[in-house]
Amino acid sequence: MQLRDSGHRALVFSQFTSYLRKIATALEAAQVSYSYLDGSTRGREEVIEGFQRGDDTAFLLSLKAGGTGLTLTEADYVFIMDPWWNPAVEQQAVDRTHRLGQDRPVHVYRLYSSATVEEKVLQLQDQKRQLVEQVFATGAGARLPMSDLVGLIRD
């Protein structure tokens with residue numbers, strides 16, 4: 001409600017549609033209007049245009065359904081509700097707000113639970129980012145140690 005009352009709008013991404021539905025229920029209880037998009041959404045263009053027109057404060061999006069092909073510069077807050085193993089997918093989602101026409105700072109929040117697989121996924125993402133940076137910087141091949149992958153599922 002603070003975002004809405006301050007004139008801000010938010011994109012809320014999750015890879016789990018069941019989680020998005022729980023968020024939708026909480027928004028309804030708080031009387032916060034929202035748009036919703038996942039792979040089963042009919043009338044995708046109308047839903048997107050409704051958010052772009054300003055019909056709703058929040059836009060709940062499945063990470064896969066809303067991660068590519070959208071320009072949503074009307075939002076200036078982005079919430080990633082659970083980490084995706086591939087940081088590029090998350091970055092594509094965040095990039096929905098960083099397009100020509102964005103005239104406000106964009107605030108990005110990534111939520112996760114500590115001491116869980118989610119935390120390990122974030123660590124793996126960081127290692128993957130470093131690996132990609134290393135490959136581009138040196139032009140040489142680099143490898144992610146097997147011990148890091150085993151650590152993801154062992155602990």
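Bear in mind the structure is a predicted one, so any value in this text is a computation, not a measurement. These values consider heavy atoms only, across backbone and side chains, with no hydrogens, waters or symmetry-generated copies.
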Determine whether Ile23 and Tyr77 fall in the same hydrophobic cluster, where Ile, Leu, Val, Met, Phe, Trp and Tyr are linked whenever their side-chain heavy atoms lie under 4.5 Å apart.
-> yes
Among side-chain atoms of Asp82 and Ser14, is any donor-acceptor pair under 3.5 angstrom?
-> yes
Give the cluster check for Leu61 versus Val106: same hydrophobic cluster or not, with ILVMFWY residues linked at side-chain heavy-atom distances below 4.5 Å.
-> yes
Taking C-beta and beyond as the side chain, do Gln15 and Lys64 meet within less than 4.5 Å on heavy atoms?
-> no
Listed once per pair and sorted, the ring pair (Phe, Tyr, Trp, His ring centres under 6.0 Å) pairs that draw on residues 17-53, sequence neighbours left out = Phe51-Phe59
Heavy-atom side-chain contact between Leu27 and Leu60 under 4.5 Å = yes
In one Ile/Leu/Val/Met/Phe/Trp/Tyr side-chain cluster, 4.5 Å: Val47, Val78 = yes
Quick one: do Val117 and Leu122 end up in the same hydrophobic cluster if we chain Ile, Leu, Val, Met, Phe, Trp and Tyr together by side-chain heavy atoms under 4.5 Å apart?
-> no
If you look at every heavy atom in Ala75 and Leu11, which pair is closest and at what distance?
-> CB-CG, 3.6 Å
Shortest non-hydrogen contact from Thr73 toward Arg104 | O-NH2, 3.6 Å
What closest approach, in Å, do Thr57 and Arg4 show between heavy atoms, and which atom pair accounts for it?
-> OG1-CG, 3.4 Å
Where Ala65 and Leu37 come nearest, the two heavy atoms and their spacing = O-CD2, 4.2 Å
May I ask you to test the Asp95-Gln91 pair for a side-chain heavy-atom distance under 4.5 Å?
-> yes
Treating Ile, Leu, Val, Met, Phe, Trp and Tyr as nodes and any side-chain heavy-atom pair under 4.5 angstrom as an edge, say whether Leu20 and Leu3 lie in one connected cluster.
-> yes
